[in-house]
Number of protein chains: 2
Amino acid sequence: MVRPFMNLDPAKRNPAWADEAWIYQPAQAALSAADEVGAGPLAGLRFAVKDNIDAAGLPTTAACPAFAYTPPANAAVVQKLRDAGASLAGKTNLDQFACGLNGTRSPFGAVPNAFNPLYVSGGSSSGSAYVVATGQVDFALGTDTAGSGRVPAGLNNIVGLKPSRGVISARGVVPAAQSVDCVSIFARTVATAVRVLESAMGHDPLDAWSRKLVLSSQPFPATFRFGVPSAPEFYGDAAAEAAFGDAIVRLQAMGGTAVSLDFSPLAEVAALLYESALVAERYAAIRGFFDAHEGDVVEPVRSIIAAGRNYSAADLYEVQTRVKLLGQQADAMWSGIDLLLVPTAPTHYTIAQMQHDPVALNRKLGAYTNFVNLLDYAALSVPSSMRADGLPFGITLIGPCGSDWQLADLGQRYHHQSGLTQGATGEPLPAMVPITGLRPPATVRVAVVG
Amino acid sequence: MVRPFMNLDPAKRNPAWADEAWIYQPAQAALSAADEVGAGPLAGLRFAVKDNIDAAGLPTTAACPAFAYTPPANAAVVQKLRDAGASLAGKTNLDQFACGLNGTRSPFGAVPNAFNPLYVSGGSSSGSAYVVATGQVDFALGTDTAGSGRVPAGLNNIVGLKPSRGVISARGVVPAAQSVDCVSIFARTVATAVRVLESAMGHDPLDAWSRKLVLSSQPFPATFRFGVPSAPEFYGDAAAEAAFGDAIVRLQAMGGTAVSLDFSPLAEVAALLYESALVAERYAAIRGFFDAHEGDVVEPVRSIIAAGRNYSAADLYEVQTRVKLLGQQADAMWSGIDLLLVPTAPTHYTIAQMQHDPVALNRKLGAYTNFVNLLDYAALSVPSSMRADGLPFGITLIGPCGSDWQLADLGQRYHHQSGLTQGATGEPLPAMVPITGLRPPATVRVAVVG
């Protein structure tokens, strides 16, 4: 295990916690005085940052020691969170270059699942999910390209908020696939994730892919229709299949009507992310470094990124058009549903299983996440239940671009119906909070003038 | 001159008209009975279609005989227009594969300017502009990728409406650069162009790049600010420079305040369209044909498209991100202006000049058009004045995506201030019409109930 940047503060270590979750954990003295101000909407909250996101003065490794640099400035989102009063606890481990959904692809070690160390944490935001689940921080930033902000949330009984594309600036983030990368938020409650998003969001004209989006403020309807894949795949995991059935029943009890959907356009888009010219965006992201230091990149990340060299610009245009056409087909589903319900991940794998068959099993973990950013949807992974084997099961609510607050509204209510405790801490959920981005339900207003 | 598909109806020929404008002009009997119904919002209007747009049963050549095929169905937009009662007059010449802005790049001959046959018509929708200017049809469809729906309008004293991207379906159109192609409308008045757009628009889920756009219905403000390039380039054409100065004065008299703009982000985007990996989209559009029949493609179209083979997918991602970043810079200008005013084309060239230096002069013709579709803006080219040399000068009003009706409102008023007649016909402009897509200016409404 390579740990050139490891700097775990002994005072903060707990033998129950896996060291692999952190890459750099500065002593409190290393943090700027700004962290100690304690004012602002996030005052009192401690957060961790996936180590492909810059924090001023701390090394950014992207889990690749040869790539490391020390940025002079915070990533735009980190600056916003610190300005809002949150305190930075350190940098977390990840699948190298955010390439993977399992948490085993790092020279800093495989991050274990917070509920069973034999199992993967999920990735690529493995460390961020782990330190939130174990209660070491109040929230953490991840990034989500193929599902890295959702899969590890689902596998660790926490909330993963993957905002609409371009809502949070990615300036100061090492790109994975820049046109679809989303900075994401892990927290143990929807309320905290929403509170963080309120401070983190905003158009950034210095980020090429940032957008001026106005999130919908329309309250989520009391009765609603939710799409469910007509033949969901769990790769033989009966516990996951049963847990998903329970999730459908719970949403129905909350006012939902299930609508069976043909998942094939979404599945085709999901497959294109790694198995077409779209993978070239991962090579483009770190092209100069990769060409000079390919040997310093771990497998299978190296071979995945290297495959990006083999496609022509014309290949890319063809697949971009294909994605748009599949998107037209997929978008038609929104006329019949208010949201899409999927398992966050179809199953759990052990670290040993994943290391034995790293590409095929990783792909299976992304079955319900890979298509979301390519199709410009918002998503929220919410804890759903604990399986008999002690592993968590999470669901993901998916809505059109801009539905972030609506998903949060439904997701918070769903989470509070689950009877679950927070992450792996055993702490009960606190009371629900109103989603302030949504208008209150319509009331009759009488204005008396004069 | 190659004319294997030429079928000019002798009854319709006029010795004053250049045959080069048409590729196929069916006898009336060849048109379906549907054309004769004479009902619908476009009843009584005759139109021509650029020959990269399918009309059922007529050959589509894209001005490349080796590429020709006879489609069984109309392009989606042609079907809509015929359903609305318009009558199809034939297919018009173009720069081959819609590659060019000058009208000389076709084996069916160079289309002359409607005001002086020594000069280029502009392209690539050369024939469509010519047959509208000369009064042979009421309107015509073009396509606009780099400016092909605007440059020939400006050079021929007609209106060129380049709608927001994705407003008109491009299904059944031979792609030039599919992600930015726009079907466009030529007419002699803004009113006719608007009337056609109303029938032509609409989301098409079978077209990958079609969008569900809601065009703004906000009336254009009575007083407004318009951006003008701080150092506009006319390549030494003093008549064009003077005409543009007159245009600024007229817009000021109409309530506008000119705002000088740094044009450099727009100019950089314009250059990228042909001089980066973006050109690969032209190769991707006809890849199978081009690889098999490269020798059948005219120069310099062949070498431009062939250059698209030389870029990798990573190159394309890099330039797409660059365009997005330049777009962020450019979009900042909208906070200070309501529209952007540019010359439609900076100057006129003779056919001989263009054929002598086809790439450099073509690029100059696109100085004020190439960036528009890449940056997702709407544009309307409107006649502005006649120069002392008898050649027309046109301006283009550019607004953000969705501003189509607003541009039409201002453009119609501008056109009627010009004192010009229709195209090259000498006919006076008819009375202005309300732009029905815009809400009427606010009025106090009193509802009396009971």
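Below, chains carry the letters A, B, ... as their sequence lines are ordered, and counting in each starts from 1. Every heavy atom of this structure was used, including side-chain atoms; hydrogens, water molecules and symmetry mates were not. For clarity, every value in this text was computed on a predicted model and none was experimentally measured.
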Residue set satisfying ring pair (Phe, Tyr, Trp, His ring centres under 6.0 Å) with A/F371, at least two apart, ordered chain then number -> A/F263
With only heavy atoms counted, which part of B/L206 is less than 4.5 Å from chain A, the side chain, the backbone, both or neither? backbone
Considering all heavy atoms, the nearest A/A314-B/A280 contact: N-CB, 4.1 Å
Could you list each N or O donor-acceptor pair linking chain B to chain A at a distance under 3.5 Å?
unit_1	atom_1	unit_2	atom_2	d
B/H203	NE2	A/Q328	OE1	2.7
B/D207	O	A/Q328	NE2	2.7
B/A208	O	A/Q328	NE2	3.3
B/W209	NE1	A/T321	OG1	3.2
B/S210	O	A/Q328	NE2	2.8
B/R287	NH1	A/D315	OD1	2.9
B/R287	NH1	A/E318	OE2	3.1
B/R287	NH2	A/D315	OD1	2.9
B/Y311	O	A/A313	N	2.9
B/A313	N	A/Y311	O	2.9
B/D315	OD1	A/R287	NH1	2.9
B/D315	OD1	A/R287	NH2	2.9
B/E318	OE2	A/R287	NH1	3.1
B/Q320	OE1	A/Q320	NE2	3.0
B/Q320	NE2	A/Q320	OE1	3.0
B/T321	OG1	A/W209	NE1	3.2
B/Q328	OE1	A/H203	NE2	2.7
B/Q328	NE2	A/D207	O	2.7
B/Q328	NE2	A/A208	O	3.3
B/Q328	NE2	A/S210	O	2.8

Heavy-atom pairs under 4.5 Å with chain A - which of B/A313, B/G308, B/A177 has more of them than the others? B/A313
